[in-house]
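Structure, as structure tokens:
The chains referred to below are lettered A, B, ... by the order of the sequence lines, with proteins before strands, and numbering in each begins at 1.
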There are 4 protein chains.
Amino acid sequence: MASPSPPDASRRSSTARQSILKAARELVLSVGYSQLTIEGIAAKAGVGKQTIYRWWPSKGAVVFEAFLAAEGGAGTAPDLPDTGNIERDLKTVLRATVEELCDPSFDAAFRGMAAEIQGDTELAKQLVQTLLGPQTQAIVRRLEGAQRAKQIRRSIDLDVATELLFGPIFRRWLLRMGPLDLAFADSVVALALRAIRPDRKR
Amino acid sequence: MASPSPPDASRRSSTARQSILKAARELVLSVGYSQLTIEGIAAKAGVGKQTIYRWWPSKGAVVFEAFLAAEGGAGTAPDLPDTGNIERDLKTVLRATVEELCDPSFDAAFRGMAAEIQGDTELAKQLVQTLLGPQTQAIVRRLEGAQRAKQIRRSIDLDVATELLFGPIFRRWLLRMGPLDLAFADSVVALALRAIRPDRKR
Amino acid sequence: MASPSPPDASRRSSTARQSILKAARELVLSVGYSQLTIEGIAAKAGVGKQTIYRWWPSKGAVVFEAFLAAEGGAGTAPDLPDTGNIERDLKTVLRATVEELCDPSFDAAFRGMAAEIQGDTELAKQLVQTLLGPQTQAIVRRLEGAQRAKQIRRSIDLDVATELLFGPIFRRWLLRMGPLDLAFADSVVALALRAIRPDRKR
Amino acid sequence: MASPSPPDASRRSSTARQSILKAARELVLSVGYSQLTIEGIAAKAGVGKQTIYRWWPSKGAVVFEAFLAAEGGAGTAPDLPDTGNIERDLKTVLRATVEELCDPSFDAAFRGMAAEIQGDTELAKQLVQTLLGPQTQAIVRRLEGAQRAKQIRRSIDLDVATELLFGPIFRRWLLRMGPLDLAFADSVVALALRAIRPDRKR
DNA sequence: CGATAATCGAGACGGTACGTCAGGTCTTGGC
DNA sequence: GCCAAGACCTGACGTACCGTCTCGATTATCG
């Protein structure tokens, strides 16, 4: 089932693309994701609607690219800092995450994405592959290092450990369940570390 | 300027209310939350649109009442089982939560709510008060019991501990980040418990 | 094959209807039929597009009602003048027709209709029934009177005779084939009458 | 400000031209004039849109050339048959006209043109010069012959007489006012001839 | 027990945005 | 430099729902 006439990316106008993404970014911030419309983006970007529909399947995809994919292409995430002290490093990362989630611009965009993927599995897959997956894997890599350094027990399932770190943050944020601040991030790290560090003298 | 004519709840037609909630429930399951419309509910319920707008402020509120408020009114949640074994009890609860999230009917409705609260703080507050808060507090109460029974350290912040339990589950589910099954629930409980149980001979 | 939900004419807003027809009339005159759009009518009338689509199937139907059906409902046309002098009466009618066709307002509207019915048989039927048919039949009735008064031969097919009168006028006008003025109308009547009047002394 | 780049007819690709006209012809027949699009023609002809816009000003002009101009260049029309019997000759011509108008292929194209010229005076002029004018003039020439042969009165205005012949045919056809068949053509000729032939013994 | 007032089903209304289609212009690469 | 291909901006299409409004026709209290 081939698509009827796949657009030829080599002919794609990069000025149009840039102004669409710029307009999307600005509009998410000024009116919020749920008030965002394709027509609004097109008008603000000085672009025909068709030019948006030609290259993106949905408004979610546009915003995704505008905000999130900008951060460095697909599938790569920088390694975490490694000071040798796993607790310090994890706190650094979770604090950064909290600050990002509290940044109004990122907040608006990512909340929109979160809402969108509840009804759009395709977009969800893309989001996980491009953004959440790499972030998670970077944590896992750092934990592996800590494991080798005997700061974390051998037997720990690092995927679950990572959920223990990120899960609390995202739950508070997505479900608006409570204050989300640096202190909370520190508490989570402290507690989670207790779960995974080696027993001393047991 | 008095409010034009505040709805008089005593005159409310209960058959209309019931058929609206029933229609909402059926439609969420058959077409999904995002495809749900007020007009669709009204048509299926054999009800005028105004009858919906008179009593609910938004489609989110209707679905909220149709699915979630049904479970027992506002603010109360049953206590957790208490077998004396905190690990067993927590596993029971988290397994139940996972199964609920995997139930198609609950999944569709709750995903809709999750999407909606990203842009509707009012609904978010209601959801937290009615559903998520009580669930969380029930866990906290059980943990307090365990604390008294010396199964959990005194110094633990039980709110953070609860996040450690629920956070991983909700992150996997909301962000569609990975397999969500009973084994995962067990792993989370096992790991989280390590974080909060008393040190032995340390 | 019933239409899904036929609009209930009793609920129809007469102010909306009137402003739509008024806007259509003004726009045909100011921008011409082919530049006319449903959106333009709706905007000028201060009306939702759906309100137009609810009651009319096409822009042709709106204009038809705006201009032509206004003239007195369906299927009735006033009788021709009858002075006893068939030539004088026919000249009166054909002159009036020519003047109507030369009136800019009628010209624009009727040209639009003429264009439209080339591709819309349904509208064509309506136009013939409501406007052209009655006009033609009025002529036929007058000719019958003349026949009874021995001013026209018995054996003449009055339908063909009527075409002989109107055909030349419409051809010149529709196909823009030549000057269309009162003198031409008179010539046509004079010539056509020669075809249908009784032979004298033959 | 010089004209940007006047098309140089000498460089014109004749294969492109031919396939455009062929595609136009086929599409008018298969989808009808009003459903015809420039894009459709270009796609069917395997031609860029610009190639059409370069050489024709409008879709009407393409169809005009595809169908009508094909019949023999500009401004010339073959003389009518002249058997010496004016009635027979006119019947031959009007019958041929009726048959042409009833031919589906010609019908579709010419109806499109008729619709188009209601809003495009330029095209109207071209159509009259190339097609309708010559046809009319051929009739006039034949009538002149008949006049010289005393079959038609001296005093008759032959232009009006020609309208008496063609007008009825075109009115029935363009306005879809009634059955258009050979018998009607014969009736028109018979009646019109009564209008223009010499009085006998009057 | 009848007046009266709010609710009810229904759906028309003025709007906004949708996603599609075609128009006519402009750009790119190949011949 | 014409050509095919097709991206681009524009603007209209016809549809879906929104939330408000207006209609009788039930109810269901209250004088």
Value in whole Å for how far the [atom2] atom of [N] lies from [atom1] of [X]:
X      : N       : atom1 : atom2 : answer
L36(D) : dA22(E) : CG    : P     : 11 Å
I52(B) : dC17(F) : CD1   : C1'   : 13 Å
I41(A) : dT10(F) : CD1   : P     : 16 Å

Reckon G46(B) touches a base, only the sugar-phosphate, or nothing at all at heavy-atom distances under 4.0 Å?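 Result for G46(B) = sugar-phosphate.
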
Could you check whether R54(B) gets within reach of a base, just the sugar-phosphate, or nothing at all, counting any heavy atom under 4.0 Å?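 If one applies the 4.0 Å heavy-atom cut-off, R54(B) turns out to touch a base.
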
Short of 4.0 Å, heavy atom to strand atom, which residues of residues 16-35 of chain D count as contacting DNA chain E?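 Here the set is empty: none.
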
Please list, in numerical order, the residues of residues 110-126 of chain B that have a heavy atom closer than 4.0 Å to any atom of DNA chain E.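 Residues of residues 110-126 of chain B that come under 4.0 Å of DNA chain E do not exist, since none gets that close.
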
On the nucleotide [N], are OP1 or OP2 found under 4.0 Å from the side-chain N or O atoms that [X] carries?
X      : N       : value
S13(B) : dT7(E)  : no
T51(A) : dC9(F)  : yes
S10(B) : dT29(F) : no

Check whether any side-chain heavy atom of [X] sits under 4.5 Å from a side-chain heavy atom of [Y], and report yes or no.
X       : Y       : value
F64(D)  : T130(D) : yes
R17(A)  : E65(A)  : yes
I20(C)  : W56(C)  : yes
T121(B) : K125(B) : no
I52(A)  : K49(A)  : no

[X] side, atom [atom1]; [Y] side, atom [atom2] - distance, nearest 0.5 Å:
X       : Y       : atom1 : atom2 : answer
L29(A)  : R25(A)  : CG    : CZ    : 9.5 Å
L27(B)  : K44(B)  : CG    : NZ    : 4.5 Å
Q118(B) : D107(A) : CD    : CG    : 8.5 Å
L123(C) : Q126(C) : CG    : CD    : 6.0 Å
S30(B)  : Q35(B)  : OG    : CD    : 10.5 Å

Nearest-neighbour nucleotide for the I38(C) side chain, dC13(E), dG19(F), dC13(F) considered: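 Output: dC13(F).
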
Among dT7(E), dG19(F), dG24(E), the nucleotide that comes nearest once only the side chain of E39(D) is considered: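 Nucleotide nearest to E39(D)'s side chain: dG24(E).
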
Just by distance, do the side chain of K59(A) and the backbone of L36(A) share a donor-acceptor pair under 3.5 Å?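 Confirmed, K59(A) side chain pairs with L36(A) backbone.
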
On DNA chain E, compare the nucleotides closest to W55(B) and P57(A); which residue's is nearer the 5' end?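 Per heavy-atom nearest nucleotide, the more 5' residue is W55(B).
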
Between T15(B) and Y53(A), just flag the one whose closest nucleotide in DNA chain E comes earlier from the 5' side.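 The answer here is T15(B).
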
Pick the nucleotide of DNA chain F nearest each of A45(D) and S58(B); which residue has the one closer to the 5' end?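 The residue whose closest nucleotide sits nearer the 5' end is A45(D).
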
Contact nearer the 5' end of DNA chain F, comparing V47(D) with T37(C):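 Checking each residue's closest nucleotide, the 5'-ward one belongs to V47(D).
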
Verify side-chain hydrogen bond (donor to acceptor under 3.5 Å, both in side chains) between E116(D) and Y33(D), making sure each step is shown before the conclusion. CA-CA 10 Å; E116(D) 203 72 14; Y33(D) 181 86; 2.8 Å; yes

Could you write nucleotides 26-31 of chain E as a row of B, S and -, 5' to 3', where a protein heavy atom under 4.0 Å of any base atom gives B, of only sugar-phosphate atoms gives S, and otherwise -? B-B---

